[in-house]
Protein chains: 2
Amino acid sequence: MIKIQELDSERLDMAANMLKAIAHPMRIAILKHLEGGKKLTVTQIHELLGIEQSTTSHHLGILKDKGVLCSRREGKNTFYYLKHDVLSQVVDCLERCTCGE
Amino acid sequence: MIKIQELDSERLDMAANMLKAIAHPMRIAILKHLEGGKKLTVTQIHELLGIEQSTTSHHLGILKDKGVLCSRREGKNTFYYLKHDVLSQVVDCLERCTCGE
DNA sequence: ATCAAATATTTATATATTTGCATTTGTAAT
DNA sequence: ATTACAAATGCAAATATATAAATATTTGAT
């Protein structure tokens, strides 16, 4: 039998934070656009999703802060991309689970 | 005729809700206890995790409502178990991603 | 029908999240 | 230095979530 004490609670929090970062329709949509190692700028994402620039930046900030995305500045643009490409599989897996209700 | 965009956003919401349900340290801990098709009662979980009965029931209700868990009543007890066992892999995957920061 | 055990719900409070607007910061070109 | 564009930040209102205490419901046993 496994006891809660044996589950690293710091690890649990980290996983929960990562999941919480992903668990938002707009942010899932962002991840789907970044699948396969694609790199997009804030403006590109804000236009693709049709949401405010500041809102887009905020969402990207959350994803970056929780270790889901990385970013690299190139001139005036900041490109965002997946830190671990496996994470897009998480989303795919979830969508498969939401299929046969 | 249903518009594709509506379907997409409905699907996105469903996936987000499922993830949001999972994205909580206590609820991740619950999932880890249910890995491998195990079935546990509310009381067992509330004792394993050391949280209030009503809080436990509330968390289980969220997980069930969002399609993560199923439940079956047997006498006075209600057993909860994973609806899709793959979901515990999501958690494992995430924890692997939180490893090599 | 009454009682006790197991769950679920209600309620209230505290806390966190989402969003858009306005503003600010960073970068490159003129 | 000024302008222009890209991105990030501060703020505030609306909304959502977490928790626990108290209460209610369901079920089985007597």
Side-chain angles (χ1 to χ4, degrees), chain A residues 4 9 12-31 33-34 38-83, chain B residues 9-10 12-31 33-34 38-83:
Chain A
I4 183 65
S9 106
L12 270 184
D13 279 349
M14 211 186 292
N17 282 329
M18 217 161 181
L19 273 176
K20 219 186 316 180
I22 301 173
H24 185 287
M26 282 299 168
R27 298 201 284 266
I28 292 178
I30 290 172
L31 296 196
H33 280 293
L34 294 176
K38 264 172 284 186
K39 303 185 178 195
L40 296 174
T41 69
V42 178
T43 301
Q44 287 176 316
I45 294 169
H46 127 70
E47 283 169 352
L48 275 168
L49 303 191
I51 58 179
E52 284 292 317
Q53 179 271 322
S54 73
T55 305
T56 308
S57 181
H58 184 235
H59 284 313
L60 290 169
I62 289 170
L63 287 168
K64 185 183 177 185
D65 184 51
K66 302 308 180 195
V68 180
L69 299 184
C70 291
S71 66
R72 195 172 68 199
R73 184 139 203 169
E74 286 182 18
K76 281 186 291 193
N77 299 304
T78 302
F79 289 86
Y80 281 85
Y81 53 98
L82 285 172
K83 185 166 184 178
Chain B
S9 105
E10 214 171 288
L12 273 183
D13 279 349
M14 211 185 292
N17 281 330
M18 215 162 182
L19 272 178
K20 224 188 307 186
I22 302 173
H24 184 287
M26 282 300 168
R27 299 201 285 265
I28 291 178
I30 290 173
L31 295 197
H33 281 293
L34 295 175
K38 263 171 284 186
K39 304 185 178 196
L40 296 175
T41 68
V42 180
T43 301
Q44 287 175 317
I45 293 169
H46 127 69
E47 284 169 353
L48 276 168
L49 303 191
I51 58 180
E52 284 292 317
Q53 179 274 322
S54 72
T55 305
T56 308
S57 181
H58 183 236
H59 284 313
L60 290 169
I62 289 170
L63 287 167
K64 184 183 177 186
D65 184 53
K66 303 308 180 195
V68 180
L69 298 185
C70 290
S71 67
R72 196 172 67 200
R73 183 139 204 170
E74 287 183 18
K76 283 187 289 195
N77 298 305
T78 302
F79 289 85
Y80 281 86
Y81 53 97
L82 285 171
K83 184 167 187 179

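The sequence lines fix the lettering, A, B, ..., with proteins before strands; numbering per chain opens at 1.
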OP1 or OP2 of dT17(C) less than 4.0 angstrom from a side-chain nitrogen or oxygen of K20(A), does that happen here? yes
Within this structure, what is the CZ-to-C1' distance between R27(A) and dT17(C), rounded to whole angstrom? 8 Å
Find which nucleotide of DNA chain C each of S54(B) and M26(A) is nearest to by heavy atoms, and output the residue with the more 5' nucleotide. S54(B)
Figure out the CD/C1' separation between Q53(A) and dG10(D), and round it to whole Å. 14 Å
Answer with base, sugar-phosphate or nothing: what part of the nucleic acid does T43(B) contact at a heavy-atom distance below 4.0 Å? sugar-phosphate
Give one of base, sugar-phosphate or nothing for T56(B), where a contact means two heavy atoms less than 4.0 Å apart. nothing
Could you go through K39(B) and R72(B), starting from their C-alpha distance and side-chain angles, then the distance that decides it, and tell me whether this counts as side chain to side chain contact (heavy atoms under 4.5 Å, CB included)? CA-CA 9 Å; K39(B) 304 185 178 196; R72(B) 196 172 67 200; 3.9 Å; yes
At under 4.0 Å between heavy atoms, what does Y80(A) touch on the DNA or RNA strands: base, sugar-phosphate, or nothing? sugar-phosphate
Note, L63(B) side chain near L31(B) side chain (heavy atom, < 4.5 Å): yes
Classify S57(A) by what it touches in the nucleic acid, base, sugar-phosphate, or nothing, heavy-atom distance under 4.0 Å. base
Base, sugar-phosphate or nothing for H58(B)? Non-hydrogen atoms, less than 4.0 Å. base
In whole Å, I'd like the distance from the NE2 atom of H24(B) to the C1' atom of dT15(C). 12 Å
Sequence neighbours excluded, which residues qualify as side chain to side chain donor-acceptor pair (under 3.5 Å) partners of T55(A)? none
Please state how far atom CG in N77(B) lies from atom P in dT27(D), giving the value in whole angstrom units. 12 Å
Atom-to-atom span, CG of L19(B) to P of dT17(D) - whole angstrom: 14 Å
If I take atom CG in residue L40(A) and atom P in nucleotide dA7(D), what distance separates them, rounded to the nearest angstrom? 11 Å
Tell me whether the side-chain N/O atoms of H59(A) come closer than 4.0 Å to OP1 or OP2 in dT19(C). yes
If every non-hydrogen atom of S71(B) is compared with every non-hydrogen atom of K64(B), which pair is closest and at what distance? OG-NZ, 2.9 Å
I45(A) versus H59(A): any side-chain heavy-atom pair under 4.5 Å? no
Nearest-Å distance for atom pair CG/P, residues L60(A) and dT19(C): 13 Å
Pick base, sugar-phosphate or nothing for T55(B), based on heavy-atom distances below 4.0 Å to the nucleic acid. base
For atom CZ of R73(A) and atom C1' of dC5(D), their distance in whole Å: 11 Å
